[in-house]
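In what follows, every heavy atom counts, from backbone to side chain, and hydrogens, waters and symmetry copies are set aside. Chain identifiers are assigned alphabetically (A, B, ...) following the order of the sequence lines, protein sequences preceding nucleic acid strands; residue numbering begins at 1 within each chain.
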Amino acid sequence: MTGTLLKLEGLTKAYPGVVANDNVSFEIQKGEIHALLGENGAGKSTLVKTIYGLVKPDTGRMELNAAEFIPPEPRAARAAGVAMVFQHFSLFDALNVAENIALGMENPPPQRQVAARVREVSEKYGLPLDPDRIVGDLSAGERQRVEIIRCLLQDPKLLIMDEPTSVLTPQEVQILFQTLRQLSEEGTAILYISHKLEEIRALCENATVLRLGAVVGTCDPRETSARDMAEMMVGASLHVPEKATADTGETVLALKALSAPAPHQFGTALKDLNITVQTGEVLGIGGVAGNGQDELVAALSGEMKTAAGMVELRGTPVGQLAPNARRAMGLLAAPEERMGHAAAPDMSLTENAVMTGVTRKSLAQRGFLKWKEAKAFAEDVISTFDVRTPGPENAARSLSGGNLQKFVIGREILQDPDVFVVNQPTWGVDAAAAAAIRQAILDLAAKGAAVICISQDLDELMEISDRFAALNEGRLSEPRPAAGLTVEEIGLMLGGAHDMEAAHA
Amino acid sequence: MLRLEKRPQPSRAWTFATPLLAVALTMVFGGILFAALGKNPIGVIRTIFLDPLFSEFSWFYRPQLLIKGAPLVLIAIGLSFGFRAGIWNIGAEGQYIVGAICGAAAGLALYPAETRLIFPLMVLAGALGGWAWAMIPGVLRVKFGTNEILVSLMLVYVAEQLLASMALGLLRNPDGLGFPGSRNLAQWSSSANNELIAGSGMHWGVVAAFIAVIFAYVALSRHIFGFQVKLSGQSPRAATFAGINPGRLILICMGLSGALAGLAGLFEVTGPSGQISIDFNVGYGFTAIIVAFLGRLHPIGILLAGGLMALTYIGGEIAQSNLGLPAAAIQMLQGMLLFFLLAVDVLTNYRIRIGQGAAA
């Protein structure tokens, strides 16, 4: 059960203007759980895509079981025993589990046999899954199980997992970890990609840290502190956002029995949400993706209208108002998806500044846009929030994820909102930018605004929230003070393991 | 191996260069087509693209350029708003016909009164007619989610039947000895849309086209309406987030393109065509779609593209009568122009790399 499974030697891959992987070498032993650590853009994805046959390296070589390994395409990698669970699932909502799994097979056996194999594997590894269920009805954790079982059916020697826990509740994470440990004991090596350091400390035996495409260190995560690993990743000491204790005052925003039907077939209906938010406080709303986050933001921003009294701003019903009317009253929002929702990718930053700023920044006079003022506003956002771009005339899509997110958040914050609703403020953003964004949110609250921060990153919510509530299947839990909440309690608020705890009992 | 690589942002130089490249490619492949038909390719290309402007009869052809170009530009400007916003009105031909019918009917109802007020009334009726015809697909899309491409296109054929019925029935000239077609509007001083300067080809439709170009230019570059149109076309979700009501925008864009197409129909039927006849429409509404894209949906571009299309119409007629080229060959040439434009369009957003590389 020992011996080297995969050996990487001097892998280099350059794209125009950026070296994604720079002379990367490391080894994975048989049955080992090996962590690959690094910030966004450190080259983790390119590296695993190379192993999975999606990317051809410019130079360097790989060995699998001491034999030359150059997979020209994923099919060859799968045949050699490499399987991968992607961060973003590739499943068809309208098909059932067995059909989805059969679709990914080279020569799928009859449906009934696939279903039987799915049942068998899911029982063996404690991953309960009914092969006949429609994928569109599954929770994110269950969908991930479909992907994992799809991989396990190939009997892999190496299982690559890209950010697997970002969509799971703490209890579901525990179930996943037990499965991974069981696999490892049976001799399957696991390459585990994540930036959640505590998880890596709990699970992995070895870690390779990437920064700017190069290996900057290896460590045993069980014996290295999370802070040391983070600094290895970032290459500098980290700035931790500071929370000034602001006085929370009067109620600015109130949701009163907010209910709304699902906007589309696989959306989530909002069910009887009641909550108030005070000036100067950050209300954190946690929850696994797809439990009504998008719908809640839409109901607050005005993209989805509700009965007038369901949303009240300083006692005035605003549920029936369009987005710009709400902006005029001081209710601003920043949705999760940057490209194509919060910002238009092909338009310039100036135009993107006009997009939501036109009302409060009075960037139009009798319908005619004041481009000079708009450009000045965009420049203001760029300089205040340290957005790295040559200038406001550049298209939004030319910015990196973190920079565009800083622009999107900064655009709203510089409009002095009374209430600011933000969904996944630091999703896919590097650590330095994430710290800056969290600090900006905290500063905004300190100045007396009310902030609702919706996120799947529990660490983030614990860091910035005053009160915490959980969104689960379109219902909002009773908010509780964030200080003193344990991970266990939060997990239960998030709906536990969605009734799957029995799996490993 | 050739491979495409996405540019970080659209190339400005290629935005301007692609229409020229498309015209050049059309000339080359058009030449090959004409050679295959047994004609001298260079001679035909010269006849189509240069003779209307520089031959000994160009005094006759040059005004034709304005007469043929004006309706194309007027319709294309209206379409460009919708196309930018992702609203596909393919039925401008029908709106053009209905605009002409309504405008002509409004005038003929008052025949033979002699007053200057009749022509403005007809213009208004023409615009309203086109607007109303475009509202049918617009309202159906907003209320019931029907596909405006199909509905607007099918309404063209309805409009053509309506035109035939009008030319043979309600609007038929009572003094016309039973011939189909209405009274001649160009010869009735109250409704005549004659040349404003003799021999120039400049009639009210040309004036309207130029006004539309200026209006569209200002709206798109400076007004919030133009901004909303662009934003809706690029990312519908971002547009909703920015507070734009998609249904309202659909109705405005459909209405605008319908009204301008109706105007073009009215100016045509009171001027160059002169009467409502079964086949007074010559496909301007469809050709305007090519003009709109050839002009990159930009007002100035549309103005130039309208001129170019008018040129191929006139040059094509010359080539037909002088060189015996089939009419279909000319239509092929116009089709090629759109095809090549769409094909080389990829260069605006992508660059071509030659050599080995992995697909990432």
Side-chain angles (χ1 to χ4, degrees), chain A residues 13 15-17 20 45-46 49-50 54-58 72-73 297-298 301-304 321-328 333-335 337-348 351-352 354-359 363-371 374 393-399, chain B residues 1 3-12 14-15 84-86 145 215-249 252 296-297 345-346 348-360:
Chain A
K13 173 72 193 174
Y15 291 110
S45 296
T46 307
K49 280 182 186 164
T50 308
L54 281 164
V55 171
K56 272 200 205 90
D58 298 336
E73 52 177 351
V297 174
S301 73
E303 287 163 89
M304 182 166 81
L321 293 181
N324 277 330
R326 299 191 196 197
R327 288 194 180 106
E337 184 63 42
R338 294 181 280 270
M339 289 287 188
H341 193 183
D346 286 324
M347 291 179 118
S348 72
E351 287 172 302
N352 272 295
V354 170
M355 214 181 101
T356 67
V358 66
T359 315
L363 298 178
Q365 196 172 27
R366 286 196 216 134
F368 285 92
L369 289 164
K370 299 192 274 189
W371 284 118
E393 66 283 349
N394 282 276
R397 78 161 192 243
S398 70
L399 267 61
Chain B
M1 189 181 78
R3 136 179 105 78
L4 289 172
E5 187 179 290
K6 190 154 190 175
R7 296 175 192 273
Q9 43 188 331
S11 155
R12 241 168 197 284
W14 275 111
T15 309
R84 269 178 189 258
F215 166 82
Y217 183 80
V218 173
L220 282 175
S221 62
R222 309 215 60 96
H223 198 269
I224 188 132
F225 171 65
F227 178 76
Q228 292 178 338
V229 163
K230 273 199 266 181
L231 185 58
S232 304
Q234 295 212 343
S235 7
R237 272 188 91 192
T240 323
F241 176 59
I244 298 164
N245 179 341
R248 217 182 104 217
L249 197 75
I252 293 176
R296 317 241 58 151
L297 304 180
D345 211 25
V346 76
T348 320
N349 277 307
Y350 293 85
R351 73 184 91 196
I352 294 179
R353 291 266 157 166
I354 300 168
Q356 275 292 316

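- When all heavy atoms of Pro345(A) and Ser235(B) are compared, the pair lying nearest together is CD-OG, 3.7 Å.
- Neither the backbone nor the side chain of Asp58(A) has a heavy atom closer than 4.5 Å to any heavy atom of chain B.
- Contact between Ala242(B) and Met355(A) at its shortest, heavy atoms only, is CB-O, 3.4 Å.
- If you tally non-hydrogen atom pairs under 4.5 Å between each of Pro323(A), Gly340(A), Ser398(A) and chain B, the highest count goes to Gly340(A).
- Between Phe241(B) and Glu303(A), the closest heavy-atom pair is CD1-OE2, 3.4 Å.
- The greatest number of non-hydrogen atom pairs below 4.5 Å with chain B, out of Ala322(A), Gly367(A), Pro335(A), Ala395(A), is found for Gly367(A).
- Among the candidates Thr46(A), Asp346(A), Thr356(A), Asn352(A), the residue making the largest number of heavy-atom pairs closer than 4.5 Å to chain B is Asp346(A).
- With values rounded to the nearest 0.5 angstrom, Arg237(B) atom CZ is found 14.0 Å from Met339(A) atom CE.
- Neither the backbone nor the side chain of Arg326(A) comes within less than 4.5 Å of any heavy atom of chain B.
- If you measure heavy-atom distances from Ala344(A) to chain B, the contacts under 4.5 Å come from both the backbone and the side chain.
- Residue-environment remark: OH (Tyr350(B)) stays at or below the threshold of 12 foreign heavy atoms within 6.0 Å.
- The CD atom of Gln234(B) lies 5.0 Å from the CE atom of Met347(A); values are rounded to the nearest 0.5 Å.
- Residue contact with chain B, scored on non-hydrogen atoms closer than 4.5 Å, involves the backbone of Glu393(A) exclusively.
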